[in-house]
Number of protein chains: 2
Amino acid sequence: MNIGDVATQTGLPAKTIRYYEDIGLVTPERGANGYRIFGQSDAHKLAFLARARALGFSIEDCRNLLALWGDRSRASADVRAIAKHHLTEIETKIAGLAAMRDTLAELVQECAGDNRPDCPILKGLEGA
Amino acid sequence: MNIGDVATQTGLPAKTIRYYEDIGLVTPERGANGYRIFGQSDAHKLAFLARARALGFSIEDCRNLLALWGDRSRASADVRAIAKHHLTEIETKIAGLAAMRDTLAELVQECAGDNRPDCPILKGLEGA
DNA sequence: CATAGGGGTTCCAGTCACAGGAAGGTCAAG
DNA sequence: CTTGACCTTCCTGTGACTGGAACCCCTATG
């Protein structure tokens with residue numbers, strides 16, 4: 001398979017796949033013409049990566065997850081630890097965003113949004 | 001005021017304040033020794049920026065909000081439009097993160113997290 | 001008066017995970 | 001033979017800073 005085929009299969013842009021090779025996440029072979037050749041195992045790895053990234057895992061997490069995936073003597077506790085830690089980070093992020101949303105929603109609702117200059121949003125930003 | 005004083009007042013790191021000068025958000029004067037000199041108006045601007053950034057507004061949004069803040073003939077509708085658009089983006093982000101959280105939480109709960117290799121998390125990542 | 005410290009200054013590199021684009025080689029079809 | 005779609009490498013840019021090097025300035029103390 002050429003890079004375009006794997007890109008179609010996995011939904012990852014070709015650019016991203018090249019980048020993943022660059023940082024050592026996949027190591028496709030090369031044809032005589034210099035083209036990358038992806039086997040089934042490469043395609044599976046990339047699909048795995050695509051899903052892990054879609055769940056928000058960092059590249060480093062992905063690297064570790066890939067290693068565990070390929071390690072038959074792994075302990076599921078290690079996988080779980082990575083996932084749980086990431087889950088906590090996501091929850092923290094959500095909490096931060098939710099706080100922003102609440103404050104913003106309040107300000108937006110208070111603001112008339114007409115052509116007069118008076119604006120509760122700016123007031124909220126200028127004074128605590 | 002020197003940069004350290006403003007940093008303490010606003011809670012912004014000095015580095016960040018220099019960066020804000022670099023990109024033209026504030027324009028403090030300079031003393032004979034080359035030090036930046038911040039007046040009250042600069043300090044207010046920076047406090048405004050700190051709050052806007054804390055609400056997640058982008059630097060470009062901040063630039064526009066600052067301009068509106070200083071524009072006596074502004075229409076509050078313009079401010080509101082920026083804020084509302086930002087609010088929508090935040091809500092979109094939250095929705096995305098919440099979806100990740102749900103999937104992750106489910107996988108984490110299914111995983112035993114012991115020293116055996118069997119792992120629903122990896123299974124979830126490998127197959128759709 | 002020399003020095004030590006805690007300011008301040010500039011400039012350069014790195015972050016994260018790619019995306020865009022230039023310049024050029026390769027391949028299959030018409 | 002040419003066209004156009006694909007592939008290659010390399011370089012730059014993104015957002016909003018952060019860290020660090022190398023250097024200057026100011027005040028207090030021995």
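Throughout, protein chains are lettered first and strands after them, A, B, ... in sequence-line order, and every chain is numbered starting at 1.
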Nearest-Å distance for atom pair [atom1]/[atom2], residues [X] and [N]:
X       : N      : atom1 : atom2 : answer
B/Asn2  : C/dG7  : CG    : P     : 11 Å
B/Ile3  : D/dC26 : CD1   : C1'   : 17 Å
A/Leu25 : C/dA17 : CG    : C1'   : 11 Å
B/Ile59 : D/dT18 : CD1   : P     : 11 Å
A/Lys93 : C/dC16 : NZ    : C1'   : 11 Å
A/Ile23 : C/dA19 : CD1   : P     : 12 Å
B/Asp5  : C/dG6  : CG    : C1'   : 13 Å
A/Glu89 : C/dC16 : CD    : P     : 12 Å

Item to check | side-chain contact (heavy atoms from CB on, under 4.5 Å) between B/Leu55 and A/Leu125, intermediate numbers included | outcome: CA-CA 9 Å; B/Leu55 283 181; A/Leu125 289 172; 3.9 Å; yes
Between the main-chain N or O of [Y] and the side-chain N or O of [X], is there a donor-acceptor pair closer than 3.5 Å?
X        : Y       : value
B/Arg101 : A/Glu91 : no
B/Asn2   : B/Gly4  : no
A/Arg36  : A/Pro28 : no
A/Asp42  : A/Gly39 : yes

Next on the checklist: Is there a side-chain contact between A/Tyr20 and the phosphate of C/dC18, meaning an N or O under 4.0 Å from OP1 or OP2?
Outcome noted: yes
Checklist entry - For DNA chain D, what residues of residues 30-47 of chain B have any heavy atom nearer than 4.0 Å? => result B/Asn33, B/Tyr35
Checklist entry - Should the pair B/Phe48 and B/Trp69 be assigned to parallel (<30°), tilted (30 to 60°) or perpendicular (>60°) ring geometry? => result parallel
Checklist entry - What residues in residues 6-19 of chain A put a non-hydrogen atom under 4.0 Å from any atom of DNA chain C? => result A/Pro13, A/Lys15, A/Thr16, A/Tyr19
Item to check | N-O pairing of A/Arg116 and A/Asp118 below 4.0 Å | outcome: no
Item to check | Ion pair B/Glu60/B/Arg63, N-O distance below 4.0 Å | outcome: yes
Checklist outcome for this item: Taken to the nearest 0.5 Å, the spacing of A/Gln109 CD from B/Lys84 NZ works out to 10.5 Å
